Amino acid sequence: MNQHLDISPEVKAALEAGKPVVALESTIISHGMPYPKNVETALLVEQTIRSNGATPATIAVIGGRLKAGLSREEIEYLGKTGRGVAKASRRDLPALVARKADGATTVATTMIIAHMAGIKIFATGGIGGVHRGAEVTMDISADLEELAQTPVMVVCAGAKSILDLGLTLEYLETKGVPVIGYGTEELPAFYTRQSGFGVDYRVDSPAELAAMFRAQRELAYKGGMLVTNPIPEEYAMDKQVIDAAIEQALQEAKAQGIHGKETTPFLLAKVVELTGGDSLESNIKLVLNNAKVAAQTAKALCE
Ligand code: PSU
Ligand code: MN
């Protein structure tokens with residue numbers, strides 16, 4: 001086991017017994033949602049994974065230790081500190097480890113740490129991707145490169161249209177990352193079930209997801225797989241409302257000169273502010289829905 005990694009006793013016992021485990025990220029807690037909804041949601045997601053027969057492993061960096069499985073106190077701390085905790089993507093782990101610092105893990109770093117711990121499935125809300133205007137800014141999330149090189153299945157609700165979804169799909173195709181639609185032929189756009197872009201394959205059961213992931217491992221690919229699970233119809237947002245909020249958030253980010261790692265957290269917070277919390281409720285529901293599919297798939301993978 002990696003010398004910088006700590007696996008919680010519960011997660012360790014599950015892994016050793018060959019039982020299903022699902023990884024969860026922590027940037028969604030610190031930077032993705034406001035306190036106290038972020039902590040409530042993180043705990044509810046863990047509970048959802050348990051009630052679907054798997055063990056949750058929320059991932060973060062605490063005091064320079066890579067943690068797979070957090071205590072309730074650690075989740076509280078990340079949620080309360082919010083954007084005061086460093087957002088940690090791939091390039092940040094060496095500095096955090098050397099300095100014994102804290103970090104909230106993005107999709108990229110959660111995949112890295114999950115893989116180190118031997119966890120194969122990871123549930124979240126949305127992934128980072130190719131930003132609108134990336135042909136000039138080159139702002140492309142490290143999440144995409146991680147999907148190309150780390151063998152973990154990521155279950156999400158697609159990506160927010162703060163990104164260029166078409167370019168994001170092109171990038172994933174170039175990198176050889178399969179994009180699966182769970183019960184859909186269309187890439188979901190996080191708050192809405194449709195984006196206008198097709199996925200590579202439609203899959204309708206956890207058993208079939210597990211079979212595809214198993215085949216990818218048997219082919220000895222180094223990368224992972226992206227499962228996109230649409231938000232349940234009853235919680236989906238009105239496309240016009242959410243599109244208008246996203247447009248305004250993008251304009252404000254531009255006017256304020258927001259760039260680099262600040263871009264995604266700024267846009268996420270702005271969208272919540274502009275939609276008066278409606279988008280936050282949708283966000284919570286879709287994460288719970290992803291947790292359920294991930295837990296069921298982790299179970300199928302153990303059979
Ligand atoms: N998109 C969301 N919610 C999130 C994030 C993205 O809808 O919480 C977070 C995730 O942790 C993701 C990260 O990995 O932002 C991507 O940041 P960047 O674009 O800077 O790579
Ligand atoms: Mn970026």
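Note that ligands are numbered from 1 as they come in the structure, with each ligand's atoms numbered from 1 the same way. Only a predicted model underlies this, so the values are computations on that prediction, with no experimental measurement involved. Numbers here are sequence positions counted from 1.
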From N38 atom CG to E76 atom CD, the distance as rounded to the nearest 0.5 Å: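 CD of E76 is found 9.0 Å from CG of N38.
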Between NZ on residue K285 and CG on residue L280, distance to nearest 0.5 Å: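 One gets 11.0 Å once the value is rounded to the nearest 0.5 Å.
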N or O pair under 3.5 Å between [X] and ligand 1:
X	result
T264	yes
K261	no
T106	no

Closest approach of any protein heavy atom to [atom], naming residue and atom:
atom	result
atom 9 (C) of ligand 1	T27 CG2, 4.0 Å
atom 1 (N) of ligand 1	G126 O, 3.6 Å
atom 21 (O) of ligand 1	S141 OG, 2.7 Å
atom 11 (O) of ligand 1	E25 OE1, 2.6 Å
atom 16 (C) of ligand 1	D143 OD2, 3.7 Å

Using a strict 4.0 Å cut-off to heavy atoms of [X], name the atoms of ligand 1 that fall inside it.
X	result
F190	7 (O)
H131	19 (O)
K87	17 (O), 18 (P), 20 (O)
K160	2 (C), 3 (N), 7 (O)

Among the N/O/S atoms of D139, which is closest to the Mn ion (ligand 2)? Give the atom name.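 When I compare the N, O and S atoms of D139, OD1 is nearest to the Mn ion (ligand 2).
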Walk me through it: do R132 and E247 pass the test salt bridge (Lys or Arg N to Asp or Glu O under 4.0 Å)? CA-CA 11 Å; R132 296 205 209 167; E247 281 304 333; 2.9 Å; yes
Under a single-linkage definition using a 4.5 Å side-chain heavy-atom cutoff for Ile, Leu, Val, Met, Phe, Trp and Tyr, are Y77 and L43 assigned to the same hydrophobic cluster?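 Yes, it is one cluster - the side chains of Y77 and L43 are joined through contacts under 4.5 Å.
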In this structure, which one of V45, V11, I29 forms a side chain to side chain contact (heavy atoms under 4.5 Å, CB included) with T58?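 With T58 as partner, V45, V11, I29 yield a single side chain to side chain contact (heavy atoms under 4.5 Å, CB included), made by I29.
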Is R90 paired with E145 through a side-chain N to carboxylate O contact shorter than 4.0 Å?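 A salt bridge is absent here (no side-chain N lies under 4.0 Å from a carboxylate O).
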Examine distances only and state if a side-chain atom of D164 and a backbone atom of V130 form a donor-acceptor pair shorter than 3.5 Å.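 The answer is no, because no donor-acceptor pair under 3.5 Å joins these two groups.
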P230 to Y182 - nearest heavy-atom pair and separation: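 Between these two residues, the closest heavy atoms are CD-O, 3.3 Å.
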Check the pair K37 / E281 against salt bridge (Lys or Arg N to Asp or Glu O under 4.0 Å), numbers first and verdict last. CA-CA 9 Å; K37 281 277 178 189; E281 284 311 308; 3.3 Å; yes
Nearest heavy atom to atom 5 (C) of ligand 1: which of L268, L163, I28, I29 does it belong to?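 Considering heavy atoms of L268, L163, I28, I29, the nearest to atom 5 (C) of ligand 1 sits in L268.
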